[in-house]
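Both counts, for ligands and for their atoms, begin at 1 and track the order of listing. We number each residue from 1, following the sequence as shown.
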Amino acid sequence: MLTIGCHLSASKGYSHMAEEAISIGANTFQFFTRNPRGGKAKDIDEEDVKSFLKIATENNFGKILAHAPYTINVCSADENTREFGITTMKDDLARMEYTPYNMYNFHPGSHVGQGVEVGISYIVKALNELIIPNQTTTILLETMAGKGSEVGRTFEELQQIIKGVNHSEKLGVCLDTCHVYDAGYDIVNDLDGVLQKFDDIIGLERLKAIHMNDSKNPFESHKDRHEKIGEGSLGLDTFVKIINHPKLRNLPFYLETPNELDGYAKEIAVLRENYKE
Ligand code: FE
Ligand code: FE
Ligand code: ZN
C-alpha cells in the first residue's frame with residue numbers, strides 16, 4: 001500500500017490533522033512542531049493525542065513526520081543560536097513521546113562561513129547532547145539543496161554526521177527530491193545510480209522518508225524552490241518511478257508542494273493511480 005501524505009497545519013491539533021489527511025486521501029502527514037520561525041510550542045492536549053492515535057490505528061496510518069522549525073541552526077557561529085536550537089529540539093523530542101515511534105526531521109544547518117567541517121562538528125555535538133538513548137522517535141537529517149552554506153548537500157556530509165553520533169541507531173535520512181536534484185543528484189535520468197550512491201555512502205537502511213517536491217529550477221541550481229508535482233524540472237514520470245521503485249515503494253512519502261488542501265488531494269490521487277500494488 002502506498003503511504004502518502006502532505007504537510008498540514010498543526011494549529012488545530014493532531015486529530016484534526018488526521019481527519020484532514022483522510023479527507024484528501026492521505027494515510028500519513030507532516031507538520032511543524034511549532035511556528036516555523038521557532039516560537040513556543042502549544043501544550044500537548046492528551047485527549048487530542050488519544051483520539052489521534054485511535055484514528056491513526058483505525059485507518060492504518062504510516063508514521064507521521066514532525067518537522068523542526070527551519071530557522072533553528074545547531075551549527076551557527078553564534079553560541080546562543082546553537083543552544084537555542086538544541087533546547088528547541090530537546091523540547092520537540094520530549095513532546096513527540098506522546099505519539100511514540102514516529103519521526104522528527106530537521107535541517108542539519110548552515111555553517112555560515114565557518115566551513116563544512118566545523119559545521120558538521122557542531123551538528124554532531126548537538127545530536128550527542130540531545131538524543132536520549134531510550135527515545136522512541138527516529139531523528140531524520142534532511143538532504144539539502146546546498147543553498148548558501150547549507151550542510152547536508154552531499155551524502156558524504158550526512159554520513160559524516162551519522163558517524164560522529166553515539167546513538168546513531170536513532171538517526172535516519174529524509175530524502176527531499178527537489179533538494180537532491182538541486183544539489184546535483186540526477187534522480188530524473190539516473191534514479192538507480194543515485195540510490196546506489198546513497199547505499200554505498202550512507203546505506204539505504206538509513207533512508208526512512210521521502211519529501212516529494214518538484215523543482216522550479218533546473219538540475220544542480222542550489223535554489224530550493226518547490227514546485228507542484230509534474231509542473232517542474234523533475235516531471236511526473238520521475239515521481240511515478242520513485243513511488244514504484246522496489247527500494248523506495250514501502251517508504252512514507254510526504255508532499256511539500258505549493259498547494260492548498262484540494263491541490264494536495266489531486267496530487268495524492270494522481271500518485272495513487274500510478275502506484276502498482
Ligand atoms: Fe525541510
Ligand atoms: Fe523538504
Ligand atoms: Zn525545500
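Two residues are said to be in side-chain contact when any heavy atoms from C-beta on lie closer than 4.5 Å; Lys12 and Glu20 fail this criterion.
In terms of heavy atoms, Tyr254 sits closest to Phe29 at CE2-O, 3.6 Å. Between Val173 and Leu140, the closest heavy-atom pair is N-CD2, 3.9 Å.
Applying the side-chain contact (heavy atoms from CB on, under 4.5 Å) rule to Ser233 yields the partners Tyr181, Ser215; only residues at least two apart in sequence or on another chain are considered.
Residue pairs satisfying the side-chain hydrogen bond (donor to acceptor under 3.5 Å, both in side chains) criterion with at least one member in residues 150-164, sequence neighbours excluded, are listed as follows: Glu117-Gln160.
Neighbours of the Fe ion (ligand 2) restricted to protein N, O or S atoms under 2.8 Å: the count is 4.
The backbone N or O of Gly109 lies less than 3.5 Å from no partner atom in the side chain of His107, so there is not a single donor-acceptor pair. Formation of a donor-acceptor pair under 3.5 Å by the Glu267 side chain with backbone atoms of Ile229 is found in this model. Of the possible polar contacts, none joining the Gln135 side chain to the Glu97 backbone as a donor-acceptor pair under 3.5 Å is found.
Annotation: Tyr185 is in aromatic contact with Phe155 [ring centroid separation under 6.0 Å].
Here the protein contributes His179 NE2, Asp224 OD1, His226 NE2 as N, O or S atoms under 2.8 Å from the Zn ion (ligand 3).
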